K.L.:
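Quick one: the structure is below, questions incoming.
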Amino acid sequence: MMMSMLTTAMVVLAACTKDNANDWYQGGIINNGGGTTGGGAVTEATGELSTFDITIDKTTAEPSDVATATYPEANDAISTQSFTTTVAIDMANPVEKTENGVTITVTDGKYVTADHGKTTGVCYVVSGTTTDGSLTIGGSADYEVNLNGTNITNSQSTALNLDSKKAAYVVLTGSNTLTDGTVEDHKSALYGKGKILFSGTGSLTVNATYNNGIHAKSYVVFDKGVNVYVNATNHGIKASDAVINGGIINVETAGLGAKAINCDYNITINGGRTTVLATGNGEWDEEDMETKAACGIKCDSVLTINGGEVYAKATGSGGKGLKADWEGYINGGKIRVITTGGLYYSNGTTENHNYKGNTDNLDDAYTSSPKGIKIGTKNEHGVLNITGGDVMVRTAGTNGEGIESKGTLDITGGSVMVAAYDDAINSSGDLTVSGGTVVAVGLNNDGIDANGNLYFKGGTIIAYGASGTEAGIDSDESHALYITGGNIFAIGGRIDARLGSTSQGLVQTSGSVSANSTVTIASGSTTLATFTMPPYSNSNGTILVTAPDMKSGSSYTLTLGNSTQNVTASNTISSQMGGGPGGMGGGPGGRW
């Protein structure tokens, strides 16, 4: 008996966090991640753009190529803390007791409440299984909760209630599961009044059958090593802010207008692998009197991705992959986004989950268009900067745009590939490309569409527009296209941009390009630029091609797959402007 008690005490002590000398870092080091960062040929395979899919993956190891971990506050890293006062709680056989400054009470033999008051350095080690119980923790000092192989199911309400407003360091050891009930009104299966900071090397499954999965009134942080899966009927992870420094994070939501990760302010992703699936349809918001839609990752302020891998898929009507109301910064990492839902329409009385009518005369509040990545709102405008990373976006439903900024959009590096039902890349303000690789395919509208000026300063740009009145490159009538660098190939039904100025020669012609074919522009035996076409074909389109070494008045050879044209460059283009800003579904269009 004595040996058993000693062994148990040693296990409990080992599960808690000790002082250590590991350095922590608070700052903004940026990892530019993968992808092409300069101009030149598009050499990477583009076939993935039309074939990639997104599914929950709990087993593949998290990526090792990450940015430096950051924390909202200096003492948020687990390595800065010391929780050595251990208190064991066995949820299978809970016992009332008072030890080490902690009081534990048990109601009805299953509802456990632990309160450490002002006692510092407390580490609760929670184990055991209950099929109908809960754990509530209170206190006025920071504390650790080591989930050490526990399974808590509460048929009534919240399974784990972190009732203290102080920081809760949730350390995962072994396999753990939290499941809430549907009887009482509550916010989530795991609820915290303060910030929740996840670390460890174990796993946590959260089954939210009533509302949200993980809900923190303050912010949440996920560190390297954790494996968290959330399945929720509403929002998966809800908090004021979120930082993902690492780990394997999988979230599925199915509610109307639900978001897999939803924050009131900022979301920062530095590492790990985050996969979010939002399957809910759009809905009418009676309070705000407008439509709202589901989303993979949503924040009301700033979304920053510095490293790691992010996979987002929204399948419901009007769904978004990634959404930030103010600003977006993609500085590195691998990002894949898919939306499959159609345009959502509702006026509060009638609704349509795949509306295909004319939206020009509809109130913006009545529609939510699907978007792969959307930054800004009609009222908040928006800023989207892409400086690095490997980004692919594909949308399939009616009015689905690929990447949209409600303000300015700047691409200075990385690889950005988009195939969209509607505009592939769209900005309400100026759009600038000065580096990286950009492939934009608008299957039923424009490849690249700006309602401000277009500035092409560097990098490699391939822009596909649909036939007829749609264009590879489109700017509205009151703005212009300025070319001072870059290898550019555009094809569509027409050119829909007024040339402001150019410092390099331009070739305008017509022709066809086949999926995955190679296009080159050459001067004699010297190849000036090579373009690898995406997995989409375009027949009998208007073509614009240019490269930095091209000169007006000089002759060149343009090879489109198996066909060759002898062409002469000029410093003008013949634009077929018309149709107003954005064309079908372009411009401001729809609301969140």
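Just so you know, these numbers come straight off a predicted model, no measurement behind them. Counting from 1, the numbers follow the sequence of the chain as shown.
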K.L.:
Looking at Glu73 and Lys195, is there a salt bridge between them, counting it only when a charged N and a carboxylate O are closer than 4.0 Å?
P.N.:
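Salt bridge between Lys195 and Glu73, a charged N being under 4.0 Å from a carboxylate O: yes.
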K.L.:
Kindly say whether Asn75 contributes a backbone atom to a donor-acceptor pair with the side chain of Gln81 at under 3.5 angstrom?
P.N.:
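It does hold such a pair.
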K.L.:
For the pair Thr275 and Glu309, evaluate side chain to side chain contact (heavy atoms under 4.5 Å, CB included) and give the outcome as yes or no after the intermediate values.
P.N.:
CA-CA 8 Å; Thr275 305; Glu309 296 178 2; over 6 Å; no
K.L.:
When rounded to the nearest 0.5 angstrom, what distance separates CD1 in Ile403 from CG in Leu322?
P.N.:
9.0 Å
K.L.:
Applying the side-chain contact (heavy atoms from CB on, under 4.5 Å) test to Ile237, which of Val206, Ile267, Asn262, Ile249 qualifies?
P.N.:
Ile249
K.L.:
Just by modelled atom types, is the Thr387 backbone N or O under 3.5 Å from a matching donor or acceptor in the Asn331 side chain?
P.N.:
no
K.L.:
Can you check whether Thr150's main-chain N or O pairs, donor with acceptor, with Ser127's side chain at less than 3.5 Å?
P.N.:
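Not at all, since once roles are kept as given, no pair shorter than 3.5 Å links the two residues.
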K.L.:
Can you name the nearest heavy-atom pair linking Gly332 to Ile335, along with the distance?
P.N.:
O-CD1, 4.4 Å
K.L.:
Is there side-chain contact between Val145 and Leu162, with at least one heavy-atom pair below 4.5 Å?
P.N.:
yes
K.L.:
Charged N to carboxylate O below 4.0 Å: is that the case for Lys313 and Asp53?
P.N.:
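Asp53 and Lys313: salt-bridged.
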K.L.:
Quick one: side chains of residues 97-113, donor-acceptor pairs under 3.5 Å with protein atoms, not counting sequence neighbours, listed by atom name and distance.
P.N.:
{"from": "Lys97", "atom 1": "NZ", "to": "Ala88", "atom 2": "O", "distance (Å)": "3.0"}
{"from": "Asn100", "atom 1": "ND2", "to": "Thr86", "atom 2": "O", "distance (Å)": "3.3"}
{"from": "Lys110", "atom 1": "NZ", "to": "Asp132", "atom 2": "OD2", "distance (Å)": "3.0"}

K.L.:
Between atom OH of Tyr71 and atom OH of Tyr219, what is the distance when rounded to the nearest 0.5 Å?
P.N.:
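If we round to the nearest 0.5 Å, Tyr71:OH and Tyr219:OH are 11.0 Å apart.
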K.L.:
Any side-chain heavy atom of Ser134 within less than 4.5 Å of one from Asn161?
P.N.:
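Ser134 does not reach Asn161 side chain to side chain.
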K.L.:
Which ring pair (Phe, Tyr, Trp, His ring centres under 6.0 Å) pairs, counting each pair once, include a residue from residues 140-164, with sequence neighbours left out?
P.N.:
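Found His116-Tyr143.
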K.L.:
Would you say the side-chain atoms of Thr395 pair up with the backbone N or O of Gly400, donor to acceptor, closer than 3.5 Å?
P.N.:
yes
K.L.:
Check whether the side chains of Glu351 and Tyr344 place a donor and an acceptor atom closer than 3.5 Å, and report yes or no.
P.N.:
yes
K.L.:
Determine whether Thr70 and Val243 satisfy the following criterion, side chain to side chain contact (heavy atoms under 4.5 Å, CB included), listing intermediate values before the conclusion.
P.N.:
CA-CA 8 Å; Thr70 60; Val243 177; 4.1 Å; yes
K.L.:
Quick one: salt bridge (Lys or Arg N to Asp or Glu O under 4.0 Å) pairs with a partner in residues 162-187, sequence neighbours left out?
P.N.:
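Counting only pairs at least two positions apart or across chains, the salt bridge (Lys or Arg N to Asp or Glu O under 4.0 Å) contacts touching residues 162-187 are Asp163-Lys193.
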K.L.:
Are the side chains of Val310 and Ile297 in touch, meaning some heavy atoms are under 4.5 Å apart?
P.N.:
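Of all side-chain heavy-atom pairs linking Ile297 with Val310, at least one is under 4.5 Å.
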K.L.:
Judged by atom type as modelled, is there a donor-acceptor pair below 3.5 Å linking the side chain of Ser427 to the main-chain atoms of Gly429?
P.N.:
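Yes.
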K.L.:
If you look at every heavy atom in Ser188 and Thr158, which pair is closest and at what distance?
P.N.:
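Taking Ser188 first and Thr158 second, the nearest heavy atoms are O-OG1, 2.9 Å.
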K.L.:
Would you say Asn234's side chain and Ala258's backbone share a donor-acceptor pair under 3.5 angstrom?
P.N.:
no
K.L.:
Is there a side-chain contact between Ile425 and Leu409, using heavy atoms and a 4.5 Å cut-off?
P.N.:
yes
K.L.:
Are any side-chain N or O atoms of Arg336 and backbone N or O atoms of Arg394, one a donor and one an acceptor, separated by less than 3.5 Å?
P.N.:
no
K.L.:
For the ring pair His186 and Tyr191, is the centre-to-centre distance below 6.0 Å?
P.N.:
no
K.L.:
Decide, yes or no, whether a salt bridge links Glu283 with Lys292 under the criterion of side-chain N to carboxylate O below 4.0 Å.
P.N.:
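Here Glu283 does not pair with Lys292 in a salt bridge, since their nearest N and O are not under 4.0 Å apart.
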K.L.:
Under 3.5 Å, is there a donor-acceptor pair linking the side chains of Tyr229 and Asn231?
P.N.:
yes
K.L.:
Measure the spacing between NZ of Lys374 and SG of Cys295 and express it to the nearest 0.5 Å.
P.N.:
10.0 Å
K.L.:
Quick check: do Ile261 and Val276 have side-chain heavy atoms less than 4.5 Å from each other?
P.N.:
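Of all side-chain heavy-atom pairs linking Val276 with Ile261, at least one is under 4.5 Å.
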K.L.:
How close do Asn154 and Gly133 get, heavy atom to heavy atom, and via which atoms?
P.N.:
CB-O, 3.0 Å
K.L.:
Please walk me through it: do Glu48 and Met392 pass side chain to side chain contact (heavy atoms under 4.5 Å, CB included)?
P.N.:
CA-CA 9 Å; Glu48 184 189 351; Met392 282 193 183; 3.7 Å; yes
K.L.:
Considering non-hydrogen atoms only, spot the tightest contact between Val302 and Asn266 and give its length.
P.N.:
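Shortest heavy-atom contact: N-OD1, 3.0 Å.
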K.L.:
Checking Asn212 side chain against Ile214 main chain: does a donor-acceptor pair fall under 3.5 Å?
P.N.:
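Not confirmed, Asn212 side chain does not pair with Ile214 backbone.
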K.L.:
Would Thr412 and Asn385 count as a side chain to side chain donor-acceptor pair (under 3.5 Å) here? Give the steps.
P.N.:
CA-CA 8 Å; Thr412 61; Asn385 291 342; over 6 Å; no
K.L.:
So does Tyr265 have more than 12 non-hydrogen atoms from other groups sitting under 6.0 Å from OH?
P.N.:
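No, the 6.0 Å shell around OH holds no more than 12 heavy atoms from other groups.
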K.L.:
Tell me whether Asn227 contacts the main-chain N or O of Thr201 through its side chain, where contact means a donor paired with an acceptor under 3.5 Å.
P.N.:
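Checking the backbone N and O of Thr201 against the side chain of Asn227, no donor-acceptor pair under 3.5 Å is found.
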K.L.:
Going from OG on Ser346 to CD on Glu290, what distance comes out if it is rounded to the nearest 0.5 angstrom?
P.N.:
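Output value for this atom pair is 11.5 Å.
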K.L.:
Could you tell me which non-hydrogen atom of Phe83 sits nearest to which non-hydrogen atom of Asp142, and how far apart they are?
P.N.:
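Shortest heavy-atom separation between Phe83 and Asp142 comes out as CE2-O, 3.6 Å.
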K.L.:
What I'd like to find out is whether the side chain of Val126 reaches to under 4.5 Å of the side chain of Asn176, using heavy atoms alone.
P.N.:
no
K.L.:
Does the side chain of Tyr124 reach to within under 4.5 Å of the side chain of Glu144, using non-hydrogen atoms?
P.N.:
no
K.L.:
Do Ile56 and Leu277 come within less than 4.5 Å of each other through their side chains, counting heavy atoms only?
P.N.:
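They are in side-chain contact.
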K.L.:
Ignoring hydrogens and geometry, is there a side-chain-to-backbone donor-acceptor pair from Thr173 to Asn148 under 3.5 Å?
P.N.:
no
K.L.:
Using the side-chain contact (heavy atoms from CB on, under 4.5 Å) rule, pick out the option among Ile248, Asn245, Val228, Ile196 that qualifies with Phe222.
P.N.:
Val228
K.L.:
Mind checking the OG1-CG spacing from Thr129 to Asp90? Nearest 0.5 Å is all I need.
P.N.:
9.0 Å
K.L.:
Rounded to the nearest 0.5 Å, how far apart are CD1 of Ile330 and OG1 of Thr304?
P.N.:
9.5 Å
K.L.:
Got a sec: does the NZ of Lys334 have more than 12 other heavy atoms crowding it under 6.0 Å?
P.N.:
yes
K.L.:
Where do Thr209 and Thr233 come nearest, in terms of heavy atoms and distance?
P.N.:
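Here Thr209 and Thr233 meet closest at O-CG2, 3.6 Å.
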K.L.:
Ignoring hydrogens and angles, state whether a donor on the side chain of Asn151 or Thr130 is under 3.5 Å from an acceptor on the partner side chain.
P.N.:
no
K.L.:
Is the positively charged end of Arg273 above the ring of Tyr311, judged by distance under 6.0 angstrom from the centroid and angle within 45° of the axis?
P.N.:
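Geometry flag: not set, cation outside 6.0 Å or 45°.
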K.L.:
Does CH2 in Trp326 sit with more than 12 non-hydrogen atoms of other residues, nucleotides or ligands closer than 6.0 Å?
P.N.:
no
K.L.:
Is there a side chain to side chain contact (heavy atoms under 4.5 Å, CB included) between Val226 and Leu204 once you walk through the steps?
P.N.:
CA-CA 8 Å; Val226 300; Leu204 173 63; over 6 Å; no
